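Before anything else, here's the structure in question.
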There are 2 protein chains.
Amino acid sequence: MSDLERNEKELSFGRRLARLGAAWRRQVDRDLHEYGLTEATWRPVLYLGLLPPPVRQTDLVRALEIEAPSVARLLDVLERRDLVFRSPDSEDKRSKLVSLTEKGERTARQVRHAVEAVSNRLLQGISTPELQACYSVFERIEANLCQRASAPAGEQA
Amino acid sequence: MSDLERNEKELSFGRRLARLGAAWRRQVDRDLHEYGLTEATWRPVLYLGLLPPPVRQTDLVRALEIEAPSVARLLDVLERRDLVFRSPDSEDKRSKLVSLTEKGERTARQVRHAVEAVSNRLLQGISTPELQACYSVFERIEANLCQRASAPAGEQA
DNA sequence: CGCAAATGGTTTGCATGCTTAATAACTGTA
DNA sequence: TACAGTTATTAAGCATGCAAACCATTTGCG
């Protein structure tokens with residue numbers, strides 16, 4: 001039955017996802033390296049350019065989907081590089097508002113260009129229906145992720 | 001035109017890939033945590049159970065698609081845990097052969113089960129043609145990855 | 001009001017990836 | 001044989017993610 005036949009592909013699907021995702025990111029990184037942005041530092045800058053202000057660190061945590069300590073450290077680096085600055089939030093003394101400096105604004109535009117260029121290049125020749133088919137599968141997988149493993153599911157379904 | 005309409009989705013495709021890949025891996029990690037395997041340490045064990053011996057470290061580097069220093073460090077950990085051992089290669093005094101201990105063999109089977117269970121669960125309800133549509137897109141993206149960025153491609157095509 | 005719980009941020013320590021550089025051994029060519 | 005280049009492994013240091021523990025502040029409830 002299909003299960004055995006599909007096993008090889010199934011086994012590699014998660015692997016494939018991770019590999020492609022990493023390769024994709026590496027492309028962006030490569031393009032942004034010349035702007036002095038290393039690894040993940042461009043993501044906070046990108047999102048700071050997209051989110052409606054005021055942006056608290058927690059907003060970045062949610063947008064970047066990384067944990068608060070990681071965001072804090074990235075912002076330390078970016079602040080030292082004069083790309084962002086933190087200011088107190090008059091509404092809530094616990095929180096800090098994060099903004100792009102002028103240099104940061106410029107960088108954010110470059111990041112956006114680079115990200116779009118990579119996306120255009122990598123998705124070249126792929127039709128919208130094909131993309132949507134992928135999204136459909138992704139959504140189903142995400143749905144399956146939420147069902148706690150308590151239901152071992154299609155063990156031989 | 002399609003470009004603007006697709007922009008939102010295109011922008012997020014790489015993001016989506018990375019996120020799904022990470023989530024997938026986290027599922028496996030969670031299931032293997034109870035076996036004392038943390039993070040990425042289960043992958044060398046899995047592949048050692050799959051590759052035809054003898055397995056040199058270089059073979060693992062190629063299979064795991066991570067760099068040689070990373071493999072070396074992981075093997076240090078696994079060796080300390082008595083899951084693998086290194087022995088000299090009589091064919092080539094530079095290289096070392098890596099093997100699973102008996103405990104490692106047992107662990108490899110558990111890892112394989114966990115990986116398959118997660119795969120079955122996450123791909124539940126997704127048909128083979130849908131999977132193949134995804135693979136087709138992945139392959140096209142991989143092909144586009146290889147074309148060096150020299151051709152900026154669909155900048156406004 | 002006053003205290004417990006939740007929330008925002010930081011610090012610390014660990015896991016895992018990479019790159020660069022060193023060392024040892026092999027290979028090919030003159 | 002000898003020497004240059006390649007290959008296998010390791011070592012050292014950096015980047016980035018996480019979780020746990022901590023402080024300050026805010027919120028909610030008696």
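In this text the structure is predicted, and so the values were computed from the model without any measurement. Numbers restart at 1 for each chain; the letters A, B, ... are given by sequence-line order, proteins then strands.
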- prompt: What does A:Ser95 touch in the nucleic acid at a heavy-atom separation under 4.0 angstrom: a base, only the sugar-phosphate, or nothing?
  reply: sugar-phosphate

message: Closest-nucleotide mapping onto DNA chain C: is A:Pro69 or A:Arg94 further toward the 5' terminus? I mean the 5' end.
response: A:Arg94

message: Regarding B:Thr58, tell me which of base, sugar-phosphate or nothing describes its non-hydrogen contacts under 4.0 Å with the strands shown.
response: sugar-phosphate

query: Using a distance-only test with no angle check, is there a side-chain donor-acceptor pair under 3.5 angstrom linking A:Glu67 and A:Ser70?
result: no

task: Find the distance A:Asp92:CG to D:dT25:P and express it as a whole number of Å.
output: 10 Å

Atom pair distance, as rounded to whole Å: CH2 in A:Trp42 and P in D:dA15: 18 Å

- prompt: chain B on DNA chain C: first and last contacting nucleotide, 5' to 3', under 4.0 Å to a heavy atom?
  reply: C:dA15 to C:dC26

Presence of salt bridge, A:Glu139 and B:Arg16, under 4.0 angstrom: yes

- prompt: Roughly, in whole Å, what's the span from CG in B:Asp29 to P in D:dG17?
  reply: 17 Å

query: Is it true that A:Asp76 and A:Arg86 make a salt bridge, defined as a side-chain N closer than 4.0 Å to a carboxylate O?
result: yes

- prompt: Taking only side-chain nitrogens and oxygens of B:Arg56, does any of them come within less than 4.0 Å of OP1 or OP2 of D:dA8?
  reply: yes

- request: Send over the distance from A:Leu64 CG to D:dC18 C1', rounded to a whole Å.
  value: 15 Å

- request: Report yes if a side-chain nitrogen or oxygen of A:Thr38 is closer than 4.0 Å to either non-bridging phosphate oxygen (OP1 or OP2) of D:dA15; otherwise report no.
  value: no

- request: Could you state the atom-to-atom distance from CG of A:Asp76 to C1' of D:dA15 in whole Å?
  value: 14 Å

statement: note: B:Leu97, atom CG; D:dA8, atom P; distance rounded to Å ~ 13 Å

message: Rounding to an integer number of Å, can you tell me how far B:Arg19 CZ sits from D:dG17 P?
response: 15 Å

query: Does a side-chain N-to-carboxylate-O contact under 4.0 Å join B:Asp59 and B:Arg56?
result: yes

- prompt: Any donor-acceptor pair under 3.5 Å linking the side chain of B:Ser95 with the backbone of B:Asp89?
  reply: no

message: Check the orientation of B:Phe138 and A:Phe13. Use parallel for under 30°, tilted for 30 to 60°, and perpendicular for over 60°.
response: tilted

query: Side-chain donor-acceptor pair under 3.5 Å between A:Gln124 and B:Arg140, yes or no?
result: no

task: Name the residue closer to the 5' end of DNA chain D, choosing between B:Lys96 and A:Ile66 according to the nucleotide with the nearest heavy atom.
output: B:Lys96

task: Give me the residues of residues 82-89 of chain A where at least one heavy atom lies under 4.0 Å from an atom of DNA chain D, by number, or none.
output: none

message: Using a 6.0 Å cut-off, check whether atom NZ of A:Lys103 has over 12 heavy atoms from anything other than its own residue.
response: yes

message: Is a donor from one side chain sitting under 3.5 angstrom from an acceptor on the other, for A:Thr58 and A:Arg62?
response: no

Rounded distance (Å) that lies between atom C1' of D:dT7 and atom NZ of B:Lys93: 16 Å

